[in-house]
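Notes follow the structure.
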Amino acid sequence: MFHLDDCWKAVKVSKFQSFSAQFQSPSTNKQGEFFMCMISYLKRNGVLYCTMKSSQSQTATQEKHQPPKIKVPQHALKKTVDKITRDYEAIIGIETHVQLSTLTKAFCSCPYNYGSQPNTSICPICMGLPGALPVLNSKVIEFAVKLGLALNCKLSLNSKFDRKQYFYPDLPKGYQISQFDIPIATGGYVDLDLPLEFGGGHRKFGITRVHMEEDAGKLLHSGNGAQVDLNRAGVPLLEIVSEPDMRTGIEAAEYAAELQRVVRYLGISNGNMQEGSLRCDVNVSIRPIGQSEFGTKVEIKNLNSFSSINRAIDFEISRQALLLSEGQGDQIVQETRLWEEGAQKTITMRKKEGLSDYRYFPEPDLPEVILTQEYVDSILKSLPELPEMKRRRYENMGLSMQDVLFLANDMNVAEYFDATLSSGADLKLAANWIMGDIAAYMKNEKLSINEIKLTPKELAELIASIKGGTISGKIGKEILFELLAKGGTVKGLIEEKDLVQIVDPVEIGKIIDKVISENPKQLEQYRGGKTKLQGFFAGQVMKLSKGKANPGLLNKILLEKLNAKS
């Protein structure tokens, strides 16, 4: 058993190596305990807490006398952890499974609807019953070709399906129909832009292969044990295997987010991670800086958000770096680990199978997949403008990278923005309205941009009305929120509520005279040197004009009258 005071001492004096040498016993895994203690500090803001307990059994007396929680400055711990990891380079690759939005499954006519009652969309084929033969859904091939082209891959005009043998309770046939040595697409890449908060910059990551396969069922765990739901068995998947080109958790998370954008833009999947429509398995290894040979690869599963991808990778890099720095590299084994979101750590799930364990052989019940060049060319012509192309177009139009990343992130937002520009709206003003008030409204009301009542045409009309001086910006915002909630037209609301901006200098002057005459004390204070009272007078004029006075004209005339000699 070790004490938290020792943890603090190690951080405080930055003697990590001499301290952690005390915790190398394989039987008690004290080194791992210390590491978990250190990492848990990083999970709080400003001040970090360690609440880890030893895995050794404790007596009742010991439990009653737990050492108090200690506070550790974040910068001190970060310096210690950085010292461990700075001499190592991470090598990261991702295997991404995309569930396709086809009407039926890959090899039968059963539909698949997320959230439906267990075992209500199954048949002898997806149940793997003897004598049931698969028939390939042609949409799976079409979607695979689309994704292969979108990821800049080389397509295989002749490919085939294979049987991947393994036993899981939710795999009814005892094998999975997949592709092994001849995938449908190989050798592609993804271009993406990192968000500015993560340093910005352009990245290019290689794609090793894209192949077609079927999904397994799902185990439902309850107090009575595990039950099998086969609704998902046979649902078509595309697996995207990246090159090991990523080096940080941020890069890996942004790569996965870009794949989600691509499949959504293509319309081949909804890409919802919470539904399992996009699932990522991350492979992480580290090696000393300057070494060309890869380290031992560890796979991480159970990653259901982009932020968890980032955090799981950063944890695993630190875990492996700690072991290597203490001469415990042999404890890094090829295995599959699970990410525990609550504990913010990875844990061993199972030892990793090798390719030979799967005993691949060609699927005898399905013919080869043969593509013609004409078929490929027709799909190529049908591809939409993809996220990378859209970002470059927006950038060339003069938008900042912050604007570009926001607008191109969601295909529907991008389409709304483009439609607003097509209706004649000013580029920057349209971007500002969509990214500002409209985005805030959607967030508050939990709506997508397709669900708001304001059309792109009316947004363009609103922007033109403000820019042309018909209404003020303040009134424009009032109209905006009414249009978002109820719809209608800008011109209709302006006429209905008599919101046309007052631009007649004589009329504005009369309102100003009235306000000045009603506030002699404030006028005296202003002329006595309290010039900030100009804002008070301007506010009173706007109130009296019901917000319709032209702000520029108002302030010009107001200053003339306030500074006039009495």
Task: Spacing of Leu266 atom CG and Leu386 atom CG [to the nearest 0.5 Å] - done: 5.5 Å
- [ ] List in chain and number order the residues that pass side-chain contact (heavy atoms from CB on, under 4.5 Å) with Glu496, two or more places apart in sequence or in another chain; answer none if no residue qualifies.
- [x] Leu493
Task: NZ/Lys510: more than 12 non-hydrogen atoms of other groups inside 6.0 Å - done: no
- [ ] Check whether the side chains of Ser277 and Asn272 place a donor and an acceptor atom closer than 3.5 Å, and report yes or no.
- [x] no
- [ ] Count the heavy atoms of every other residue, nucleotide or ligand shown that sit under 6.0 Å from CG of Leu103, and state whether that count exceeds 12.
- [x] no
TODO: Indicate yes or no for a side-chain donor-acceptor contact from Asn519 to the backbone of Val515 under 3.5 Å, with no hydrogens or angles considered.
DONE: yes
Open item on the list: Salt bridge or not between Arg392 and Glu388? Use side-chain N to carboxylate O under 4.0 Å.
Closed with: yes
Task: Spacing of Asp245 atom CG and Ile207 atom CD1 [to the nearest 0.5 Å] - done: 9.0 Å
- [ ] Start with the C-alpha gap between Arg279 and Asn302, add the side-chain angles, then the distance that decides, and say whether side chain to side chain donor-acceptor pair (under 3.5 Å) holds.
- [x] CA-CA 8 Å; Arg279 310 194 290 271; Asn302 199 34; over 6 Å; no
Task: Glu461/Lys457 under salt bridge (Lys or Arg N to Asp or Glu O under 4.0 Å): CA gap, chis, key distance, verdict - done: CA-CA 6 Å; Glu461 181 67 32; Lys457 181 181 178 182; over 6 Å; no
Open item on the list: Quick check: do Asn563 and Arg527 have side-chain heavy atoms less than 4.5 Å from each other?
Closed with: no
Open item on the list: If the condition is ring-ring contact (aromatic ring centres under 6.0 Å, His included), which residues does Tyr255 pass it with, not counting sequence neighbours?
Closed with: none
Open item on the list: Would Arg337 and Glu299 count as a salt bridge (Lys or Arg N to Asp or Glu O under 4.0 Å) here? Give the steps.
Closed with: CA-CA 6 Å; Arg337 298 177 71 86; Glu299 182 183 44; over 6 Å; no
- [ ] Look up atom CD1 in Ile309 and atom CD in Glu251, then write down how far apart they are to the nearest 0.5 Å.
- [x] 13.5 Å
- [ ] Would you please name every residue forming a ring-ring contact (aromatic ring centres under 6.0 Å, His included) with Phe205, sequence neighbours left out?
- [x] none
Open item on the list: Using a strict threshold of under 4.0 Å (side-chain N to carboxylate O), is an ion pair present between Arg393 and Glu385?
Closed with: yes
Open item on the list: Would you compute the distance between atom CG of Leu100 and atom CD of Glu142 and round it to the nearest 0.5 angstrom?
Closed with: 10.5 Å
TODO: Give a yes or no on whether Glu445 atom CD has more than 12 heavy-atom contacts from other residues, nucleotides or ligands under 6.0 Å away.
DONE: yes
Task: Modelled atom types, side-chain donor and acceptor of Arg391 and Asn409, under 3.5 Å - done: no
Open item on the list: Quick one, Glu243 with Thr208, criterion side chain to side chain donor-acceptor pair (under 3.5 Å). Give me CA distance, side-chain angles, the key distance, then yes/no.
Closed with: CA-CA 5 Å; Glu243 290 288 320; Thr208 305; 2.7 Å; yes
Task: Working for side chain to side chain donor-acceptor pair (under 3.5 Å), residues Thr420 and Ser423 - done: CA-CA 5 Å; Thr420 304; Ser423 297; over 6 Å; no
Open item on the list: For the aromatic rings, using the six-membered ring if either is Trp, is the centroid distance between Phe417 and Tyr394 under 6.0 Å?
Closed with: yes
